[in-house]
Amino acid sequence: MKIIDKAVIRLILFYRKYISPLKKPCCRFYPTCSQYAISAVKKYGAFKGGFLAVKRILRCNPLFKGGYDPLK
């Protein structure tokens, strides 16, 4: 795993530990968007994994159904 991948994962973990608890639970998907992002970065690297994570986060709104959405 590259240094940039580790840095992105650490940012996501920071978000999960310090920022996410300040918000009400509202994730529409399983696994959660942050867990999906970590899996995507581990599998595809920081750039493609980050792109997939951003696409997923943009779908996390009332216009999309949500539900089980695994990393492909």
Side-chain angles (χ1 to χ4, degrees):
M1 191 180 309
K2 297 180 185 177
I3 293 173
I4 192 161
D5 297 348
K6 290 180 182 179
V8 170
I9 290 172
R10 285 186 184 197
L11 285 172
I12 296 167
L13 292 174
F14 176 85
Y15 166 81
R16 288 176 76 178
K17 185 171 184 178
Y18 296 106
I19 298 172
S20 183
L22 300 175
K23 301 175 5 177
K24 66 176 183 165
C26 62
C27 194
R28 304 179 67 80
F29 292 102
Y30 178 80
T32 63
C33 293
S34 59
Q35 185 58 46
Y36 182 91
I38 290 172
S39 299
V41 170
K42 284 181 179 179
K43 184 172 182 178
Y44 295 112
F47 295 107
K48 184 176 180 181
F51 173 74
L52 292 171
V54 168
K55 274 181 45 176
R56 167 79 174 266
I57 291 167
L58 290 175
R59 288 185 294 154
C60 194
N61 63 61
L63 299 176
F64 288 90
K65 187 175 181 179
Y68 182 65
D69 183 27
L71 182 64
K72 296 171 184 150

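The basis for the numbers below is simple: all heavy atoms, side chains too, and nothing from hydrogens, waters or symmetry mates.
Applying the side-chain contact (heavy atoms from CB on, under 4.5 Å) rule to Ala37 yields the partners Ile12, Ala53; only residues at least two apart in sequence or on another chain are considered. Not a single salt bridge (charged side-chain N to carboxylate O under 4.0 Å, His left out) links Asp5 to another residue, sequence neighbours left out. Annotation: ring-ring contact (aromatic ring centres under 6.0 Å, His included) contacts of Phe47 (sequence neighbours excluded): none. Looking at residues two or more places apart in sequence or on another chain, you find a side-chain contact (heavy atoms from CB on, under 4.5 Å) between Lys42 and Met1, Ile9, Ile38. With sequence neighbours left out, the side chain to side chain donor-acceptor pair (under 3.5 Å) criterion links Tyr15 to Lys23. Evaluation of the side-chain contact (heavy atoms from CB on, under 4.5 Å) rule for Thr32 yields Cys27, Ser34, Gln35 as partners, not counting sequence neighbours. The salt bridge (charged side-chain N to carboxylate O under 4.0 Å, His left out) check on Arg16 picks up nothing, with sequence neighbours excluded. Taking Lys55 as the reference, nothing meets the side chain to side chain donor-acceptor pair (under 3.5 Å) condition, with sequence neighbours excluded. Every residue two or more places apart in sequence or in another chain that forms a side-chain contact (heavy atoms from CB on, under 4.5 Å) with Tyr30 is listed here: Tyr68.
With a 6.0 Å radius and a threshold of 12 heavy atoms from other residues, nucleotides or ligands, Ile3 has its CD1 atom at or below the threshold.
Counting only distance, with no hydrogens or angles, the side chain of Asp69 and the backbone of Gly66 share no donor-acceptor pair below 3.5 Å.
Between Cys33 and Ile57, the closest heavy-atom pair is CB-CG1, 4.2 Å. Closest approach of Lys43 to Leu71, counting heavy atoms only: CD-CD2, 3.9 Å.
Hydrophobic cluster membership is shared by Leu13 and Val41, with clusters built from Ile, Leu, Val, Met, Phe, Trp and Tyr side chains linked at under 4.5 angstrom.
Within the hydrophobic cluster formed by Ile, Leu, Val, Met, Phe, Trp and Tyr side chains joined at under 4.5 Å, directly or through other members, Phe64 is accompanied by Leu63.
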